[in-house]
Amino acid sequence: METTILGHRFSAPFFISPCAGGGLPSMASSVSMEAIAAGRPRKDQVLFQQIYVTDNQTANKLLFQRIEKTGAKAMVLTVDSAGDRARHRALRFQENTNLTRYSSYIPMTWGIYKDLQKLTKLPIVPKGIQTVEDAKKAIEVGAPAIFLSNHGGRALDGSRSPFEVALETHRRAPEVFKKIEVYADGGV
Ligand SMILES: Cc1cc2nc3c(=O)[nH]c(=O)nc-3n(C[C@H](O)[C@H](O)[C@H](O)COP(=O)(O)O)c2cc1C
Ligand SMILES: *[C@@H]1O[C@H](CO)[C@@H](O)[C@H](O)[C@H]1NC(C)=O
Ligand SMILES: *[C@@H]1O[C@H](CO)[C@@H](O)[C@H](O)[C@H]1NC(C)=O
């Protein structure tokens with residue numbers, strides 16, 4: 001089952017998606033990205049760092065430099081959470097669900113993606129692609145890969161499953177799968 005992801009060797013075509021708050025790898029994790037990188041059992045274990053960005057390019061640049069220093073091989077830019085969400089279950093337990101406390105969220109556009117590309121040499125993989133149009137646009141702007149995801153339905157209830165998006169893309173733009181790498185998560 002060995003495969004490559006962005007040119008790095010993996011023993012199986014699987015990876016762990018970012019999950020904040022549980023001490024697992026992501027930008028809003030309860031363990032810092034530096035501590036996670038240092039905690040790898042082997043230094044050649046590949047890490048991709050998930051990111052949320054703001055419209056403050058100085059802050060983005062500082063964040064990217066910090067990530068580059070951890071040795072991460074790519075950044076995974078979550079594009080499906082432009083605003084705060086209503087988490088009814090969490091609210092019932094009075095958890096603060098306002099993610100804006102981590103950063104001020106901005107609507108994601110391909111223009112913003114291109115600006116971010118200029119700030120780093122690391123590949124930036126958009127996570128949360130949900131249409132065939134965006135899959136094609138990603139190729140146009142030079143994304144090395146796309147990550148189909150609906151954030152597990154946590155960002156927008158009722159959003160389409162990655163499997164449906166993959167099927168639509170396969171039917172309407174099969175070249176996408178040949179031109180760039182396509183990852184997916186959800187519902188496993
Ligand atoms: C507790 C939890 C925290 C998450 N935190 C993040 C996060 O910080 N960034 C992100 O891009 N996705 C986050 N996700 C979404 C996952 O990366 C993934 O897209 C989703 O869980 C896949 O759907 P599934 O749970 O149905 O398999 C989180 C998911 C969970 C369950
Ligand atoms: C942008 O980020 C930098 C670095 O964190 C900070 O010093 C500056 O105040 C921020 N600018 C704005 C307008 O928030
Ligand atoms: C979320 O927090 C931000 C920053 O503290 C605040 O500006 C915003 O009004 C809050 N949103 C809600 C829905 O409470």
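As the structure is a computational prediction, the values presented were derived from the model and not from experiment. One-based numbering along the sequence shown. Counting starts at 1 for both ligands and their atoms, following the listed order. Hydrogens, waters and symmetry mates play no part in the numbers below; they use all other heavy atoms, side chains included.
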| query | Do Phe48 and Met75 have side-chain heavy atoms sitting under 4.5 Å apart? | reply |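 The answer is no; the side chains never approach within 4.5 Å.
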* How about Leu6 and Val125: do any of their side-chain heavy atoms sit closer than 4.5 Å? ->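 Result yes, sub-4.5 Å side-chain heavy-atom pair found.
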re atom 4 (C) of ligand 2, the protein heavy-atom contact at minimum distance is Leu62 CD1, 3.7 Å
Applying a 4.0 Å heavy-atom criterion (strictly less than), which segment of Ser149 is in contact with ligand 1: side chain, backbone, both, or neither?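 Looking at Ser149 and ligand 1, just side chain atoms fall under 4.0 Å.
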TODO: Give the numbers and elements of all ligand 2 atoms closer than 4.0 Å to a heavy atom of Asn56.
DONE: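 Listed by number with element: 1 (C), 2 (O), 3 (C), 8 (C), 10 (C), 11 (N), 12 (C), 14 (O).
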Practice item. Go through ligand 1 atom by atom and flag the ones less than 4.0 Å from a non-hydrogen atom of Gly152. Key: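 Listed by number with element, the hits are 20 (C), 22 (C), 23 (O), 26 (O).
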Per-atom filter on ligand 1: closer than 4.0 angstrom to a heavy atom of Thr78 are 10 (C), 11 (O)
Nearest protein heavy atom under 4.0 Å from atom 9 (O) of ligand 2, yes or no | no
>> Hydrophobic cluster membership, with links at side-chain heavy-atom distances under 4.5 Å among I/L/V/M/F/W/Y: are Val182 and Phe163 in one?
In response: no
| What's the spacing between Ile51 CD1 and Ile124 CD1 if we round to 0.5 Å? |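 Here the rounded value is 5.5 Å.
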Taking the six-membered ring for Trp, is the centroid-to-centroid distance between Phe147 and Phe15 below 6.0 Å? yes
